[in-house]
Asks: 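Questions regarding the structure given below will be posed in turn.
Residue numbering restarts at 1 for every chain, and letters A, B, ... go by the order of the sequence lines.
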Amino acid sequence: MAMYSTMQIAGVSPDSFTFLYVLKACSGLPAFETGWQVQGQIFRHGFHSDVLVQNSLVALYAKCGQIGYARMVFDGLYDRTVVSWTSIISGYAQNGEPSEALRIFSEMRTCNLKPDGIALVSVLRAYTDVEDVEQGKSVHSCVIKMGFEYEPDLLISLTTLYAKCGQVTVARSFFNQMEIPSVILWNAMISGYAKNGFAEEAVGLFREMISKDIRVDSITLSSAILACAQVGSLELARWMDDYVIKSDYRDDVFVKTALIDMYAKSGSVDLARIVFDRTLDKDVVVWSAMIMGYGLHGRGRDAIDLYYAMKQGSICPNDVTFVGLLTACTHSGLVDEGWELFHRMRDYGIEPRHQHYACVVDLLGRAGRLDQAYDFITNMPIEPGVSVWGALLSASKIYRHVTLGELAAEQLFLLDPHNTGHYVQLSNLYASARKWDQVGRVRLLMKEKGLSKDFGYSLIEIKGKLQAFRVGDKSHPKYKEIFKELEELERRLKEAGFVPHAESVLHDLNYEETEETLCNHSERLAIAYGLISTSPGTTLRITKNLRACVNCHAATKLISKLVNREIVVRDANRFHHFKDGFCSCGDYW
DNA sequence: CTAGGGTTAG
């Protein structure tokens, strides 16, 4: 742009090539004013009907997030080429409006214009974003018909389509077709695995890249870090961090954000904070990731403090920031603070989404304000969804409020009939209220519907290795020792006066539990194994895929005191730190 | 030398 000014001062007239170069140079600049300036120059020099220049301008506006201006330029074109259409289609896709992109694509087809490879890439992206595999497949057959099947660029698009829609095996077959996959193809595959819960595969592929000495970029790292976050091993997290520090992308803001999230999800909010403090030019996403991390660990006060520090730094919160704040408040019993923050959202022009409403119901519900929670739901401006009713059901379970629980369950069975979790929650609610006949009725209902309860398991990390334990698991080579330790623990717990609750009893549909002795079976095994496998003073880090129940909390608190160890338990939602008979979220349950 | 695309974070 500076060069262009110099040229003007020198009195040299620009031609269409000049503008193409100028526009290309501007695409990296975020300021759309640049596009505006360039457009003025284009008009002044009479290139407003040059289709090449105008196409370029459409793409530039779209990249700056100014899709409205892009559309204006596009609408002003009287001789549209495939490139013009592709520019506006990809523009809408890039700006989060894939449906509009697809609408324009069908409009293009009515003009009898044949899409080329690049046009199909843009259309595939739009179908990927709306997660419509079926329509994506029809584009795929179109790709085959046109003979673009082996084009590397289309291979990337197809890999992304199938990977993002959960068909990772299909995606992998495309990946395997390339003899020498480009970095983008590697990235598409790694992020596809990571986003669909195939964290091990994602990490494996990343390791393969390293071992083959293939150059990674910041996107590879971000995706691999996301995968590590899902694995949840602190040792793996440290290894990843170490790799990043030695790479060229140690200061990349995307990479940093992913690292903060990874450490928080791997159990160390303090290491997350260290990465956070070392991040320069923190944007709202970085702050939100850290706030979310505190929320995950029940450190609501720290989350709120960070929120004020963020505003001090003139960073404006967004919808995700509030999700983090609200969950942080919920996990630490800061009911009034959470309620207040929820009502501050509109001050920032943020319209609460389902997730925010669900957070508030959770916030009120866990504090025992069930009627207020229900009242809140009935006054919602949007139709309450699964997350909202789910939060009400779990709160009803905790406080044994059968009527509200049944009401929530009824909605959940309508909205989400095949989700086993809701039935289990309802059954546990009945169990907590000693309505054993109703417990049996729910079990029967589940059997009728052909639903089965997945076996819960807990994971424990010992020296970087994750070990899974299932209910009554005897497959471990050291199982005799583990069971012996477990007996010893139970004996000491009884001595200490631990009285188990007869709640949360539905673990196996074919087995009638009436009482649970300690915490969940799988978790007790993990703790027992941890006690015999780690040296005293080591923190025990346990991940479980079940919601923690009252028993787990009471028992784990007591165990941490008895054995004088810090025990960290992660359930589906968050971490609980137990130390000396104290839990990070207090007795707030 | 000549326009458009594909992979990242909370």
Asks: Can you identify which nucleotide, out of B:dT7, B:dG10, B:dA3, has its nearest atom closest to the A:Leu52 side chain?
Replies: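 Selected nucleotide (nearest to the side chain): B:dA3.
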Asks: Measuring from the side chain of A:Ile118 (C-beta onward, heavy atoms only), which nucleotide among B:dT8, B:dG4, B:dG6 has the closest atom?
Replies: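 The answer is B:dG4, which lies nearest to the side chain.
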Asks: Can you label the angle between the A:Phe575 ring and the A:His577 ring as parallel, tilted or perpendicular, going by 30° and 60°?
Replies: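 Rings of A:Phe575 and A:His577: tilted, as their planes differ by 30° to 60°.
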Asks: Would you mind classifying the nucleic acid contact of A:Val286 as base, sugar-phosphate or nothing, using non-hydrogen atoms under 4.0 angstrom?
Replies: nothing
Asks: To the side chain of A:Met292, which of B:dA3, B:dG4, B:dG10 is closest?
Replies: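 Nucleotide nearest to A:Met292's side chain: B:dG10.
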Asks: Without decimals, in angstroms, what is the distance between A:Tyr263 OH and B:dA9 C1'?
Replies: 16 Å
Asks: Grab the CZ-P distance between A:Arg353 and B:dG10 for me, whole Å please.
Replies: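 One finds 14 Å between P of B:dG10 and CZ of A:Arg353, rounded.
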Asks: Among B:dT7, B:dG5, B:dA3, find the nucleotide with the atom closest to the side chain of A:Thr81.
Replies: B:dA3
Asks: Quickly work out the A:Leu306 CG to B:dG10 P distance and round it to whole Å.
Replies: 17 Å
Asks: Give every donor-acceptor pair under 3.5 Å between a side-chain atom in residues 110-118 of chain A and any protein atom, sequence neighbours left out.
Replies:
unit_1: A:Thr110; atom_1: OG1; unit_2: A:Glu107; atom_2: O; d: 2.5
unit_1: A:Asp116; atom_1: OD1; unit_2: A:Ile118; atom_2: N; d: 3.3
unit_1: A:Asp116; atom_1: OD1; unit_2: A:Ala119; atom_2: N; d: 3.0

Asks: Has the side chain of A:Asn187 got a donor or acceptor that lies under 3.5 Å from a partner of the other kind on the base of B:dG6?
Replies: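 No, no donor-acceptor pair under 3.5 Å.
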Asks: What is the distance from atom OH of A:Tyr61 to atom CZ of A:Arg71, rounded to the nearest 0.5 Å?
Replies: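 Answer rounded to 0.5 Å: 16.0 Å.
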Asks: Can you name the closest pair of heavy atoms from A:Asn318 and A:Ser288 and give their distance?
Replies: OD1-OG, 4.0 Å
Asks: B:dT7 C1' sits how many Å from A:Phe175 CZ, rounded?
Replies: 12 Å
Asks: Would you mind telling me which of B:dG6, B:dG4, B:dT8 lies closest to the side-chain atoms of A:Ser222?
Replies: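 Of the options given, the side chain of A:Ser222 lies nearest B:dT8.
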Asks: Hey, is the side chain of A:Arg125 poking within less than 4.0 Å of OP1 or OP2 on B:dG5, counting only N and O atoms?
Replies: no
Asks: A:Lys256 side chain N/O closer than 4.0 Å to the phosphate oxygens (OP1, OP2) of B:dT8?
Replies: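 Result: no.
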Asks: A:Val83 has a side chain; which of B:dG5, B:dT7, B:dA3 sits nearest to it?
Replies: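 So the nucleotide nearest the side chain must be B:dA3.
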Asks: Hey, does the side chain of A:Ser191 come within less than 4.0 Å of B:dT8's phosphate (OP1/OP2), counting only N and O?
Replies: yes
Asks: Output yes when at least one side-chain N/O atom of A:Gln94 is less than 4.0 Å from OP1 or OP2 of B:dG5, else no.
Replies: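 The answer is yes; a side-chain N or O of A:Gln94 sits under 4.0 Å from OP1 or OP2.
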Asks: CH2/A:Trp85 to OG/A:Ser122 distance, rounded to the nearest 0.5 angstrom?
Replies: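 Spacing of CH2 (A:Trp85) from OG (A:Ser122) equals 13.5 Å.
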Asks: Would you please name every residue forming a salt bridge (charged side-chain N to carboxylate O under 4.0 Å, His left out) with A:Arg344, sequence neighbours left out?
Replies: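 Counting only residues at least two positions away or on another chain, A:Arg344 forms a salt bridge (charged side-chain N to carboxylate O under 4.0 Å, His left out) with A:Glu340, A:Asp347.
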Asks: Set out, in order, the CA-CA distance, both residues' side-chain angles and the distance that settles ring-ring contact (aromatic ring centres under 6.0 Å, His included) for A:Trp287 and A:Phe276, then state yes or no.
Replies: CA-CA 8 Å; A:Trp287 287 93; A:Phe276 174 83; 5.1 Å; yes
Asks: Apply salt bridge (Lys or Arg N to Asp or Glu O under 4.0 Å) to the pair A:Glu134 and A:Lys137, showing each step before the final yes or no.
Replies: CA-CA 5 Å; A:Glu134 288 314 310; A:Lys137 276 182 187 164; 3.8 Å; yes
Asks: Please give, in whole Å, the distance from B:dG5 P to A:Leu124 CG?
Replies: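 Checked: the CG to P distance equals 15 Å.
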Asks: For DNA chain B, determine which residues of residues 202-217 of chain A have any heavy atom closer than 4.0 angstrom to one of its atoms, and list them numerically.
Replies: none
Asks: Can you tell which of B:dT2, B:dT7, B:dG4 lies closest to the side chain of A:Ser56?
Replies: B:dG4
Asks: Reckon A:Lys282 has a side-chain N or O less than 4.0 Å from the OP1 or OP2 of B:dG10?
Replies: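 The answer is no; no side-chain N or O of A:Lys282 sits under 4.0 Å from OP1 or OP2.
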Asks: Can you list the residues that meet the salt bridge (charged side-chain N to carboxylate O under 4.0 Å, His left out) rule with A:Arg299, with sequence neighbours excluded?
Replies: A:Asp270, A:Asp302
Asks: Distance check needed: B:dG6 P versus A:Gln177 CD, whole Å only.
Replies: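 That distance rounds to 21 Å.
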Asks: Where the side chain of A:Asn55 is concerned, which of B:dA9, B:dA3, B:dG4 is the nearest nucleotide?
Replies: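 Between B:dA9, B:dA3, B:dG4, the one nearest the side chain of A:Asn55 would be B:dA3.
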Asks: Whole angstroms only, please: what is the CG-P distance between A:Leu325 and B:dG10?
Replies: 17 Å
Asks: Identify every side-chain donor-acceptor pair in residues 190-200 of chain A under 3.5 Å, counting partners at least two apart or on other chains, and give the distances.
Replies:
unit_1: A:Ser191; atom_1: OG; unit_2: A:Asn187; atom_2: O; d: 3.2
unit_1: A:Ser191; atom_1: OG; unit_2: A:Ala188; atom_2: O; d: 3.4
unit_1: A:Tyr193; atom_1: OH; unit_2: A:Arg172; atom_2: NH1; d: 3.1
unit_1: A:Asn196; atom_1: ND2; unit_2: A:Ala163; atom_2: O; d: 2.6
unit_1: A:Asn196; atom_1: ND2; unit_2: A:Gly192; atom_2: O; d: 3.0

Asks: For A:Asp252, report the nucleic acid contact type (base, sugar-phosphate, nothing); a contact means any heavy atom under 4.0 Å.
Replies: nothing
Asks: Where the side chain of A:His576 meets the backbone of A:Val569, is there a donor-acceptor pair that is under 3.5 Å apart?
Replies: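 Not confirmed, A:His576 side chain does not pair with A:Val569 backbone.
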Asks: As a quick check of understanding, evaluate ring-ring contact (aromatic ring centres under 6.0 Å, His included) for A:Tyr162 and A:Phe174, giving each step before the final call.
Replies: CA-CA 9 Å; A:Tyr162 289 105; A:Phe174 286 104; 5.6 Å; yes
Asks: Would you jot down, in residue-number order, the residues of residues 129-157 of chain A having a non-hydrogen atom under 4.0 Å from DNA chain B?
Replies: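 When residues 129-157 of chain A is checked for heavy atoms under 4.0 Å from DNA chain B, the hits, listed by number, are A:Asp153, A:Ile156.
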Asks: Return the nearest nucleotide to the side chain of A:Val121; candidates are B:dG4, B:dG10, B:dG6.
Replies: B:dG6
Asks: For the base of B:dA9, is there a side-chain donor-acceptor partner from A:Thr257 under 3.5 Å away?
Replies: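 Answer is yes: a donor-acceptor pair is held.
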Asks: Closest approach to the side chain of A:Asp283, judged atom by atom: which nucleotide of B:dG4, B:dT7, B:dA9 is it?
Replies: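 Nearest to the side-chain atoms of A:Asp283, counting from C-beta on, is B:dA9.
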Asks: Ignoring backbone atoms, establish whether A:Lys195 has a side-chain N or O less than 4.0 Å from OP1 or OP2 of B:dT7.
Replies: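 No, because none of the side-chain N or O atoms of A:Lys195 sits under 4.0 Å from OP1 or OP2 of B:dT7.
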Asks: Quick one: label A:Leu226 by what it contacts on the DNA or RNA (base, sugar-phosphate, nothing), any heavy atom closer than 4.0 Å.
Replies: sugar-phosphate
Asks: Rounding to a whole Å, what distance do you find between A:Ile225:CD1 and B:dA9:C1'?
Replies: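 The distance from CD1 of A:Ile225 to C1' of B:dA9 comes to 9 Å, rounded to the nearest Å.
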